[in-house]
Amino acid sequence: MLYILTVHFKDKWIDIQKRQLERFISEPYKVYTRLGDGVKQGTTTVNYEKNKHKFDGAIPGAGHVSESFGKIIDYITKNEEIKSTDKILLLDSDAFPIVSISDFMNEKLKEYPFIAVQEPMHEWDRNPLYIIPHYCFMMFKAKHILEDNLTDCLREIIVDKNSNWWYGIVQWLTERGYDYYPLTRSNKEDLHELYYGIYNDMVYHHWAGSRNMITRPDRMRAQHSGEDVEDIAKENHEVSNQVFERVSSETDIDNMMAYLKGEYEENN
(Lines give C-alpha, C1' and ligand atoms only; values in the text may rest on other atoms or scores of the structure.)
Protein backbone atom coordinates (compact mmCIF):
# COMPACT_ATOMS: atom_id res chain seq x y z
CA MET A 1 0.00 0.00 0.00
CA LEU A 2 1.10 3.53 -0.77
CA TYR A 3 0.13 6.10 1.86
CA ILE A 4 0.11 9.65 0.50
CA LEU A 5 0.30 12.39 3.13
CA THR A 6 -0.46 15.98 2.22
CA VAL A 7 -1.28 19.28 3.94
CA HIS A 8 -3.79 21.84 2.65
CA PHE A 9 -4.28 25.38 3.91
CA LYS A 10 -6.39 26.42 0.91
CA ASP A 11 -9.20 24.75 -0.99
CA LYS A 12 -7.72 25.56 -4.39
CA TRP A 13 -5.32 22.61 -4.85
CA ILE A 14 -7.36 19.78 -3.33
CA ASP A 15 -9.35 18.72 -6.39
CA ILE A 16 -6.44 19.23 -8.79
CA GLN A 17 -4.13 17.05 -6.72
CA LYS A 18 -6.82 14.40 -6.22
CA ARG A 19 -7.47 14.23 -9.97
CA GLN A 20 -3.78 13.90 -10.82
CA LEU A 21 -3.24 11.16 -8.27
CA GLU A 22 -6.18 9.23 -9.70
CA ARG A 23 -4.73 9.60 -13.19
CA PHE A 24 -1.13 8.71 -12.50
CA ILE A 25 -0.87 6.39 -9.47
CA SER A 26 -1.35 2.84 -10.72
CA GLU A 27 -1.10 0.94 -7.43
CA PRO A 28 -3.33 0.77 -4.35
CA TYR A 29 -3.06 3.97 -2.35
CA LYS A 30 -4.74 6.01 0.35
CA VAL A 31 -4.53 9.75 0.92
CA TYR A 32 -4.44 11.39 4.33
CA THR A 33 -4.32 15.10 5.04
CA ARG A 34 -4.37 17.88 7.58
CA LEU A 35 -6.84 20.60 6.62
CA GLY A 36 -6.12 23.98 8.18
CA ASP A 37 -9.72 24.96 8.79
CA GLY A 38 -10.20 28.44 10.22
CA VAL A 39 -6.72 29.73 9.40
CA LYS A 40 -6.78 32.47 6.83
CA GLN A 41 -4.02 32.22 4.24
CA GLY A 42 -4.22 35.15 1.84
CA THR A 43 -7.81 35.50 0.65
CA THR A 44 -9.19 31.99 1.18
CA THR A 45 -9.57 29.48 3.97
CA VAL A 46 -9.74 25.72 3.59
CA ASN A 47 -13.06 24.30 4.71
CA TYR A 48 -12.66 21.10 6.70
CA GLU A 49 -16.27 19.93 6.56
CA LYS A 50 -16.50 20.63 2.84
CA ASN A 51 -13.35 18.70 1.93
CA LYS A 52 -12.73 15.97 4.52
CA HIS A 53 -14.72 13.36 2.56
CA LYS A 54 -12.29 13.66 -0.35
CA PHE A 55 -9.60 11.84 1.64
CA ASP A 56 -9.24 8.45 3.26
CA GLY A 57 -8.59 10.33 6.48
CA ALA A 58 -8.40 13.98 7.45
CA ILE A 59 -7.54 15.82 10.63
CA PRO A 60 -8.36 19.49 11.30
CA GLY A 61 -5.94 22.16 12.38
CA ALA A 62 -3.12 24.26 11.07
CA GLY A 63 0.51 24.68 11.91
CA HIS A 64 3.95 24.45 10.39
CA VAL A 65 4.18 21.88 7.63
CA SER A 66 6.66 19.81 9.63
CA GLU A 67 4.26 19.69 12.59
CA SER A 68 1.39 18.75 10.28
CA PHE A 69 3.27 15.89 8.62
CA GLY A 70 4.19 14.59 12.07
CA LYS A 71 0.55 14.66 13.16
CA ILE A 72 -0.59 12.84 10.00
CA ILE A 73 2.06 10.15 10.51
CA ASP A 74 0.87 9.71 14.09
CA TYR A 75 -2.71 9.45 12.80
CA ILE A 76 -2.03 6.76 10.20
CA THR A 77 0.19 4.67 12.47
CA LYS A 78 -2.64 4.68 15.00
CA ASN A 79 -5.49 4.01 12.57
CA GLU A 80 -3.89 1.83 9.87
CA GLU A 81 -2.09 -1.51 10.07
CA ILE A 82 1.00 -0.23 8.30
CA LYS A 83 3.61 -2.76 7.22
CA SER A 84 7.31 -2.05 6.92
CA THR A 85 7.13 -2.77 3.20
CA ASP A 86 4.38 -0.20 2.62
CA LYS A 87 5.40 3.12 1.09
CA ILE A 88 4.95 6.70 2.29
CA LEU A 89 4.76 9.72 -0.02
CA LEU A 90 4.88 13.22 1.47
CA LEU A 91 3.34 15.63 -1.01
CA ASP A 92 2.99 19.38 -0.80
CA SER A 93 -0.49 20.75 -1.49
CA ASP A 94 0.56 22.23 -4.85
CA ALA A 95 2.58 19.23 -6.03
CA PHE A 96 1.39 16.22 -8.03
CA PRO A 97 2.42 13.69 -10.71
CA ILE A 98 2.01 14.62 -14.37
CA VAL A 99 2.74 11.16 -15.82
CA SER A 100 2.50 7.64 -14.45
CA ILE A 101 5.08 7.38 -11.67
CA SER A 102 4.39 4.11 -9.82
CA ASP A 103 6.71 1.79 -11.76
CA PHE A 104 9.56 4.30 -11.80
CA MET A 105 9.34 5.06 -8.08
CA ASN A 106 9.07 1.40 -7.08
CA GLU A 107 12.18 0.55 -9.12
CA LYS A 108 14.13 3.43 -7.56
CA LEU A 109 13.13 2.35 -4.05
CA LYS A 110 14.91 -0.95 -4.71
CA GLU A 111 18.16 1.03 -5.09
CA TYR A 112 17.62 3.99 -2.76
CA PRO A 113 15.96 4.29 0.65
CA PHE A 114 14.67 7.77 -0.13
CA ILE A 115 13.39 9.65 -3.20
CA ALA A 116 12.86 13.40 -3.14
CA VAL A 117 12.69 16.52 -5.24
CA GLN A 118 16.05 18.26 -5.17
CA GLU A 119 15.64 21.86 -4.05
CA PRO A 120 16.94 23.66 -7.18
CA MET A 121 18.15 26.85 -5.52
CA HIS A 122 21.17 25.03 -4.15
CA GLU A 123 22.67 24.14 -7.51
CA TRP A 124 24.82 27.29 -7.17
CA ASP A 125 26.35 25.98 -3.94
CA ARG A 126 29.06 23.79 -5.46
CA ASN A 127 31.90 23.53 -2.92
CA PRO A 128 30.87 20.76 -2.66
CA LEU A 129 27.55 20.57 -4.49
CA TYR A 130 24.80 20.90 -1.89
CA ILE A 131 22.18 18.39 -2.98
CA ILE A 132 19.33 18.85 -0.53
CA PRO A 133 15.96 17.05 -0.65
CA HIS A 134 12.82 19.17 -0.51
CA TYR A 135 9.72 18.18 1.43
CA CYS A 136 7.32 18.91 -1.49
CA PHE A 137 7.85 15.31 -2.70
CA MET A 138 9.49 12.66 -0.51
CA MET A 139 8.95 8.92 -0.85
CA PHE A 140 10.33 6.12 1.33
CA LYS A 141 9.45 2.73 2.78
CA ALA A 142 7.24 2.77 5.86
CA LYS A 143 9.92 0.90 7.82
CA HIS A 144 11.74 4.20 8.23
CA ILE A 145 8.90 5.68 10.30
CA LEU A 146 8.22 2.41 12.11
CA GLU A 147 11.78 1.39 12.93
CA ASP A 148 14.27 4.07 11.92
CA ASN A 149 13.29 7.31 13.74
CA LEU A 150 12.46 9.23 10.56
CA THR A 151 9.25 10.66 12.03
CA ASP A 152 11.16 12.74 14.59
CA CYS A 153 13.37 14.18 11.86
CA LEU A 154 10.31 15.09 9.80
CA ARG A 155 8.44 16.82 12.63
CA GLU A 156 11.37 18.83 14.03
CA ILE A 157 12.44 22.18 12.62
CA ILE A 158 16.22 22.01 12.17
CA VAL A 159 17.73 24.87 10.16
CA ASP A 160 20.71 24.43 7.84
CA LYS A 161 23.34 26.89 6.56
CA ASN A 162 20.91 28.28 3.97
CA SER A 163 18.03 28.75 6.44
CA ASN A 164 16.11 25.68 5.24
CA TRP A 165 14.03 24.26 8.09
CA TRP A 166 14.02 20.63 6.88
CA TYR A 167 17.73 20.01 7.53
CA GLY A 168 16.85 17.16 9.88
CA ILE A 169 16.22 15.01 6.82
CA VAL A 170 19.75 15.67 5.58
CA GLN A 171 21.15 14.75 8.99
CA TRP A 172 19.06 11.57 9.07
CA LEU A 173 20.39 10.52 5.66
CA THR A 174 23.99 11.39 6.56
CA GLU A 175 23.99 9.63 9.93
CA ARG A 176 22.81 6.41 8.27
CA GLY A 177 25.04 6.64 5.22
CA TYR A 178 22.00 6.75 2.95
CA ASP A 179 22.04 8.19 -0.55
CA TYR A 180 18.79 9.55 -1.87
CA TYR A 181 17.55 9.65 -5.44
CA PRO A 182 17.03 13.31 -6.45
CA LEU A 183 14.26 14.35 -8.80
CA THR A 184 15.84 17.35 -10.50
CA ARG A 185 14.24 20.33 -12.23
CA SER A 186 13.82 19.50 -15.92
CA ASN A 187 11.96 22.54 -17.30
CA LYS A 188 12.78 23.58 -20.83
CA GLU A 189 10.62 26.69 -20.39
CA ASP A 190 11.18 28.70 -17.21
CA LEU A 191 8.56 31.25 -16.24
CA HIS A 192 10.52 31.64 -13.00
CA GLU A 193 13.73 30.02 -11.83
CA LEU A 194 12.01 28.34 -8.89
CA TYR A 195 8.23 28.39 -9.40
CA TYR A 196 6.27 26.20 -11.85
CA GLY A 197 8.83 23.41 -11.66
CA ILE A 198 8.84 20.08 -13.47
CA TYR A 199 11.04 17.37 -11.94
CA ASN A 200 12.36 14.44 -13.97
CA ASP A 201 9.50 15.25 -16.38
CA MET A 202 7.27 13.43 -13.87
CA VAL A 203 6.28 15.70 -11.00
CA TYR A 204 4.99 19.28 -10.92
CA HIS A 205 5.44 21.69 -8.02
CA HIS A 206 3.91 25.14 -8.29
CA TRP A 207 5.84 26.52 -5.28
CA ALA A 208 4.30 29.03 -2.86
CA GLY A 209 0.88 28.00 -4.13
CA SER A 210 -0.80 28.73 -0.80
CA ARG A 211 1.17 31.72 0.49
CA ASN A 212 2.73 35.03 -0.48
CA MET A 213 5.02 34.44 -3.46
CA ILE A 214 8.31 35.67 -2.07
CA THR A 215 11.13 33.14 -1.99
CA ARG A 216 14.93 33.21 -2.04
CA PRO A 217 15.37 34.05 -5.75
CA ASP A 218 12.89 36.92 -5.42
CA ARG A 219 14.82 38.39 -2.48
CA MET A 220 18.07 37.97 -4.41
CA ARG A 221 16.52 39.73 -7.41
CA ALA A 222 15.34 42.63 -5.24
CA GLN A 223 18.77 42.93 -3.66
CA HIS A 224 20.53 43.16 -7.03
CA SER A 225 17.95 45.23 -8.92
CA GLY A 226 16.77 47.59 -6.22
CA GLU A 227 13.13 46.64 -6.85
CA ASP A 228 10.66 46.46 -4.00
CA VAL A 229 10.25 42.79 -3.11
CA GLU A 230 6.49 43.31 -2.71
CA ASP A 231 6.31 44.52 -6.33
CA ILE A 232 8.09 41.34 -7.37
CA ALA A 233 5.60 39.31 -5.31
CA LYS A 234 2.71 41.06 -7.06
CA GLU A 235 4.24 40.20 -10.44
CA ASN A 236 4.68 36.60 -9.30
CA HIS A 237 1.04 36.35 -8.24
CA GLU A 238 -0.13 37.64 -11.62
CA VAL A 239 1.85 34.96 -13.45
CA SER A 240 0.81 32.35 -10.88
CA ASN A 241 -2.86 33.11 -11.46
CA GLN A 242 -2.40 32.63 -15.20
CA VAL A 243 -0.62 29.31 -14.69
CA PHE A 244 -3.16 28.16 -12.10
CA GLU A 245 -6.03 28.85 -14.49
CA ARG A 246 -4.49 26.41 -16.94
CA VAL A 247 -3.43 23.86 -14.32
CA SER A 248 -6.94 23.81 -12.85
CA SER A 249 -8.45 23.05 -16.26
CA GLU A 250 -8.92 19.35 -17.01
CA THR A 251 -8.60 20.13 -20.73
CA ASP A 252 -5.54 22.40 -20.52
CA ILE A 253 -3.36 21.06 -17.72
CA ASP A 254 -1.50 18.62 -19.99
CA ASN A 255 -0.84 21.40 -22.50
CA MET A 256 0.61 23.55 -19.70
CA MET A 257 2.87 20.75 -18.56
CA ALA A 258 3.95 20.06 -22.15
CA TYR A 259 4.76 23.74 -22.57
CA LEU A 260 6.98 23.76 -19.47
CA LYS A 261 8.71 20.61 -20.74
CA GLY A 262 9.32 22.27 -24.13
CA GLU A 263 7.03 19.87 -25.94
CA TYR A 264 4.21 22.26 -26.85
CA GLU A 265 4.21 25.55 -28.71
CA GLU A 266 1.63 28.08 -27.59
CA ASN A 267 0.96 29.30 -31.17
CA ASN A 268 -0.01 25.83 -32.43
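As a basis for the values below, the full set of heavy atoms in this structure was taken, side chains included, without hydrogen atoms, waters or symmetry mates.
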Separation of D160 CG from I169 CD1 (nearest 0.5 Å):
12.0 Å

Which residue, L5, T6, I59, forms the side chain to side chain contact (heavy atoms under 4.5 Å, CB included) with T33?
T6

Could you measure the distance from the CZ atom of R185 to the CG atom of L183? Nearest 0.5 Å is fine.
13.5 Å

Please report the interatomic distance CE(M138) to CG(L91), rounded to the nearest 0.5 Å.
11.5 Å

Euclidean distance, F114 CZ relative to I88 CD1, rounded to 0.5 Å
11.5 Å

For residues S68 and F9, determine if any side-chain heavy atom of one lies less than 4.5 Å from a side-chain heavy atom of the other.
yes

Residues in salt bridge (Lys or Arg N to Asp or Glu O under 4.0 Å) with D201, at least two apart?
none

Are there over 12 heavy-atom neighbours, none belonging to E189, within less than 6.0 Å of that residue's CD?
yes

What pairs of donor and acceptor atoms, side-chain ones from residues 69-80 against any protein atom, are under 3.5 angstrom apart with sequence neighbours left out?
| from | atom 1 | to | atom 2 | distance (Å) |
| --- | --- | --- | --- | --- |
| D74 | OD1 | R155 | NH2 | 2.9 |
| D74 | OD2 | R155 | NH1 | 3.3 |
| D74 | OD2 | R155 | NH2 | 3.3 |
| T77 | OG1 | I73 | O | 2.9 |
| T77 | OG1 | D74 | O | 3.0 |
| N79 | ND2 | Y75 | O | 2.7 |
| E80 | OE1 | K30 | NZ | 3.4 |
| E80 | OE2 | K30 | NZ | 3.1 |
| E80 | OE2 | Y32 | OH | 2.2 |

Tightest non-hydrogen contact, residues A95 and C136, listed as CB-O, 3.8 Å

Can you find a pair of side-chain heavy atoms, one from E107 and one from K110, that are under 4.5 Å apart?
yes

Nearest heavy-atom approach of L194 to Y199 is O-OH, 4.3 Å

Is S102 reaching over with its side chain to a backbone N or O of S26, donor-acceptor style, under 3.5 angstrom?
yes

In chain order, what residues pass the side-chain contact (heavy atoms from CB on, under 4.5 Å) check against Y29, with sequence neighbours excluded?
L2, I4, L21, E22, I25, V31

Under the salt bridge (charged side-chain N to carboxylate O under 4.0 Å, His left out) definition, can you give me all pairs with a residue in residues 59-68, not counting sequence neighbours?
R34-E67

How are the rings of W13 and F244 set relative to one another: parallel (under 30°), tilted (30 to 60°) or perpendicular (over 60°)?
perpendicular

Please report the closest heavy-atom contact between L154 and F140, naming both atoms and the distance.
CD1-CZ, 4.1 Å

Who passes salt bridge (Lys or Arg N to Asp or Glu O under 4.0 Å) against E175, sequence neighbours left out?
none

For P133 and L173, the nearest pair of non-hydrogen atoms, with its separation, is CG-CD1, 4.2 Å

Please verify the inter-ring angle class for W207 with H134; under 30° counts as parallel, over 60° as perpendicular, anything in between as tilted.
tilted

Inter-residue atom distance M257.CE - N187.CG, 0.5 Å rounding
9.5 Å

Quick check: closest heavy atoms across W172 and N149, and the distance to 0.1 Å?
NE1-C, 4.1 Å

Does any non-hydrogen side-chain atom of E27 lie less than 4.5 Å from one of N106?
yes

With D56, which residues qualify under salt bridge (Lys or Arg N to Asp or Glu O under 4.0 Å), at least two apart?
none

Could you tell me if the ring centre of H206 sits under 6.0 Å from that of Y195?
no

Counting heavy atoms not belonging to E81, are there more than 12 under 6.0 Å from its CD?
no

Side chains of I14 and L35: does their closest heavy-atom pair fall under 4.5 Å?
yes

Evaluate the side-chain proximity of V7 to D92: yes if any heavy-atom separation is below 4.5 Å, no if none is.
no

Ignoring hydrogens and geometry beyond distance, is a side-chain donor-acceptor pair present between D11 and N51 at under 3.5 Å?
yes

Provide the closest heavy-atom pair for I198 versus M202 in the form atom of the first, atom of the second, distance.
CG2-N, 4.3 Å

Evaluation steps, side-chain contact (heavy atoms from CB on, under 4.5 Å), between Y3 and D86:
CA-CA 8 Å; Y3 293 94; D86 290 334; 3.6 Å; yes

Determine, step by step, whether K18 and F55 satisfy the side-chain contact (heavy atoms from CB on, under 4.5 Å) criterion, reporting the C-alpha distance in whole Å, the side-chain angles of both residues, the deciding distance to 0.1 Å, and the verdict.
CA-CA 9 Å; K18 179 178 174 63; F55 300 89; over 6 Å; no

Does atom NZ (K143) have a neighbourhood of more than 12 heavy atoms from anything else shown, all under 6.0 Å?
no

Can you tell if the side chain of E245 reaches within under 4.5 Å of the side chain of D252, non-hydrogen atoms only?
no

Quick check: do I16 and Y204 have side-chain heavy atoms less than 4.5 Å from each other?
no

Between the NE2 atom in H205 and the CD atom in E119, the distance rounded to the nearest 0.5 Å is 10.0 Å

CA sep, side-chain torsions, deciding dist, call: Y196, V247, side-chain contact (heavy atoms from CB on, under 4.5 Å):
CA-CA 10 Å; Y196 327 119; V247 169; over 6 Å; no

Step by step, would you call D94 with K10 a salt bridge (Lys or Arg N to Asp or Glu O under 4.0 Å)?
CA-CA 10 Å; D94 57 347; K10 284 190 175 183; over 6 Å; no

With a 4.5 Å limit on heavy-atom distance, are the side chains of L191 and Q242 in contact?
no

Start with the C-alpha distance between V239 and H192, add both sets of side-chain angles, then the distance that settles side-chain contact (heavy atoms from CB on, under 4.5 Å), and finish with yes or no.
CA-CA 9 Å; V239 176; H192 186 279; over 6 Å; no

Joint hydrophobic cluster, M256 plus F24, side-chain heavy atoms closer than 4.5 Å:
no

